[in-house]
Amino acid sequence: QVQLVESGGGLVQAGGSLRLSCAASGSIFGLSAMGWYRQSPGKQRELVAEITTAGSTKYADSAEGRFTISRDNAKNTVYLQMNTLKPEDTAVYYCKAKGINLRVGSYDYDYWGQGTQVTVSS
């Protein structure tokens, strides 16, 4: 099983910055794409950014130009640098990793972290 632990959330003023980290542990061999999602109360969980093993990235329109996703395979960690934060960015941010889970017979399994709260004041 793969464990994902997010950190780096907090309270910032609009225009400020945060860097989220997601550390993976356990059976990490075989992990491929990783990404960040967020969810606000009463809203669907949405993709913020994702990155493939090859380094290809994809961003939500709301994040494009302000957020940067990166990964450090040596540290088994994925990051989300968040700049020029807006109140609309307030949400719980979740890390996701796609990989193998033989316990459930899946080669395309989504692992999720517990989430970290990001609050941006106006």
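Throughout, numbering of the chain's residues begins at 1 and tracks the sequence.
Within 6.0 Å of atom CD in Glu46, more than 12 heavy atoms from other residues, nucleotides or ligands are found, so the atom counts as buried in its surroundings. Open room surrounds CD on Gln114; 12 or fewer heavy atoms of other groups in view lie less than 6.0 Å from it.
The closest donor-acceptor contact from the side chain of Glu6 to the backbone of Cys95 lies under 3.5 Å. A donor-acceptor pair is defined here as one N or O able to donate and one able to accept, closer than 3.5 Å; such a pair exists between the side chain of Thr90 and the backbone of Val120.
Across all non-hydrogen atoms, the minimal contact from Leu31 to Ala97 is CD2-CB, 4.1 Å. Heavy atoms only, all atoms of each residue included: Val78 and Ile69 are closest at CG2-CG1, 3.9 Å. When every heavy atom of Ala91 is checked against every heavy atom of Arg38, the shortest pair comes out as CB-CB, 3.8 Å.
Thr53 is listed as a side-chain neighbour of Arg71, based on a closest heavy-atom distance under 4.5 Å. Looking at Tyr109 and Ile100, their side chains never come closer than 4.5 Å, going by heavy atoms from C-beta outward. The side-chain heavy atoms of Leu80 and Tyr93, taken from C-beta on, include a pair separated by under 4.5 Å. Using a 4.5 Å heavy-atom threshold, the side chains of Asp89 and Lys86 count as touching. Side chains of Leu47 and Tyr59 form no contact here, defined as non-hydrogen atoms less than 4.5 Å apart. The side-chain heavy atoms of Tyr107 and Leu102, taken from C-beta on, include a pair separated by under 4.5 Å.
Annotation: the span from Ser56 atom OG to Ile51 atom CD1 amounts to 8.0 Å, rounded to 0.5 Å. Note that OH of Tyr94 is 12.0 Å distant from CH2 of Trp36, once rounded to the nearest 0.5 Å.
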Evaluate the side chain to side chain contact (heavy atoms under 4.5 Å, CB included) criterion for residues Asn101 and Tyr111: first the C-alpha distance (whole Å), next the side-chain angles of each, then the deciding distance (0.1 Å), finally the verdict. CA-CA 9 Å; Asn101 190 331; Tyr111 294 93; 3.3 Å; yes
Side chain to side chain contact (heavy atoms under 4.5 Å, CB included) for Val48 and Phe67? Distances and angles first, verdict last. CA-CA 9 Å; Val48 178; Phe67 296 179; 3.5 Å; yes
Taking it one step at a time, do Ser62 and Glu88 satisfy side chain to side chain contact (heavy atoms under 4.5 Å, CB included)? CA-CA 9 Å; Ser62 61; Glu88 306 93 90; over 6 Å; no
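A donor-acceptor pair shorter than 3.5 Å cannot be found between the side chains of Tyr37 and Arg45.
Listed by chain and residue number, Asp108, Asp110 satisfy the side chain to side chain donor-acceptor pair (under 3.5 Å) test with Lys98 (two or more places apart in sequence, or in another chain).
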Show every donor-acceptor pair shorter than 3.5 Å between a side-chain atom in residues 11-30 and any protein atom, with sequence neighbours excluded, or say none if there are none.
residue, atom, partner, partner atom, Å
Ser17, OG, Asn83, OD1, 2.9

